[in-house]
Amino acid sequence: MLTKAMEDYRDQLIVIVAGYPEPMNQFLNVNPGFRSRFNRILTFEDYTVDELMQILEGMEKKLDYYTDSDARHFVEKKVEVKLCYKTKDFANARAMRNYLEAAILKQSQRLIQQEQIRKEDLTTLKIEDFEGITFA
């Protein structure tokens, strides 16, 4: 059905598909004429450590969080290791979002144990908030 629509409406239709390289190759090879209908293929390189840290910081900023310098250094080292040993399904920015959300949850569990909580405590992520969390 998609192949027919791509042919019948080729001057009016744009189809964009995205995914990891190997599954995309399998997808494009499903039908002998399918690959030729996708005449532009863009490959995006994985993010660097610095880019992933910028993504994390941008997500934190949107949520009004801040990672202290010790925690930032810890996370940066963990990202470096992950990129060296990443699996084929490492999701880059999504992994950073999941990592941040897990750290925020750990932070809330940490803060609930404190008797006194300052406003800055509510917005500052510390190294212990990131420890023990694995990338999805």
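Owing to the predicted nature of the structure, the values given are computational and were not obtained by experimental measurement.
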Under the side-chain contact (heavy atoms from CB on, under 4.5 Å) criterion, do M59 and K62 qualify, and how do the steps go? CA-CA 5 Å; M59 291 175 185; K62 285 182 181 178; 5.9 Å; no
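- Judged as a side-chain hydrogen bond (donor to acceptor under 3.5 Å, both in side chains), and not counting sequence neighbours, K119 has no contacts.
- Residue pairs meeting the ring pair (Phe, Tyr, Trp, His ring centres under 6.0 Å) criterion with at least one member in residues 97-125, sequence neighbours excluded, are Y99-F130, Y99-F135.
- Applying the side chain to side chain contact (heavy atoms under 4.5 Å, CB included) test to V30 and every residue at least two apart in sequence or in another chain returns nothing.
- Applying the side chain to side chain contact (heavy atoms under 4.5 Å, CB included) criterion to V81, with sequence neighbours excluded, gives Y85.
- Here R118 pairs with E120, D121 under the side-chain hydrogen bond (donor to acceptor under 3.5 Å, both in side chains) rule; sequence neighbours left out.
- Every residue two or more places apart in sequence or in another chain that forms a side-chain hydrogen bond (donor to acceptor under 3.5 Å, both in side chains) with E57 is listed here: R72.
- In this structure, CD1 on I127 lies 8.0 Å from CG on D68, to the nearest 0.5 angstrom.
- Here the CG atom belonging to L63 is positioned 6.0 Å from the CG atom belonging to L100, to the nearest 0.5 angstrom.
- By the 4.5 Å heavy-atom criterion applied to side chains, T48 and L83 are not counted as neighbours.
- Put simply, Y9 and I16 are part of two different groups of oily side chains (I, L, V, M, F, W, Y) that touch within less than 4.5 Å, one to the next.
- Cluster membership check: F44 does not share its hydrophobic cluster with Y47, using side-chain heavy-atom separations under 4.5 Å among Ile, Leu, Val, Met, Phe, Trp and Tyr.
- Using a cut-off of 4.0 Å between Lys/Arg side-chain N and Asp/Glu carboxylate O, K126 and D70 are scored as not salt-bridged.
- Side-chain contact between M96 and V79 is present, with at least one heavy-atom pair separated by less than 4.5 Å.
- The side chain to side chain contact (heavy atoms under 4.5 Å, CB included) test applied to E22 returns N25, Q26, not counting sequence neighbours.
- For F27, the ring pair (Phe, Tyr, Trp, His ring centres under 6.0 Å) test picks out F34, with sequence neighbours left out.
- A distance of 6.0 Å separates CG of L125 from CD of E60, quoted to the nearest 0.5 Å.
- If you take NZ on K106 and CG on L111, they are separated by 12.5 Å, rounding to the nearest 0.5 Å.
- In this structure, the separation between OG1 on T67 and NZ on K61 is 13.5 Å, given to the nearest 0.5 Å.
- For residues 31-55, the set of pairs meeting the salt bridge (Lys or Arg N to Asp or Glu O under 4.0 Å) definition, not counting sequence neighbours, comprises E7-R37, D46-K86.
- Sorted by first and then second residue, the ring pair (Phe, Tyr, Trp, His ring centres under 6.0 Å) pairs involving residues 48-81 (not counting sequence neighbours) form an empty list.
- Summarising the local packing, CD1 of I117 is surrounded by more than 12 heavy atoms from other residues, nucleotides or ligands at distances under 6.0 Å.
- The distance from the CG atom of L28 to the CD1 atom of I41 is 5.5 Å, given to the nearest 0.5 Å.
- Hydrophobic cluster membership for L105: none, as no Ile, Leu, Val, Met, Phe, Trp or Tyr side chain comes under 4.5 Å of it.
- With sequence neighbours left out, the salt bridge (Lys or Arg N to Asp or Glu O under 4.0 Å) criterion links K4 to D8.
- In plain terms, the two heavy atoms of V49 and E76 that are nearest each other are CG1-CG, 3.8 Å.
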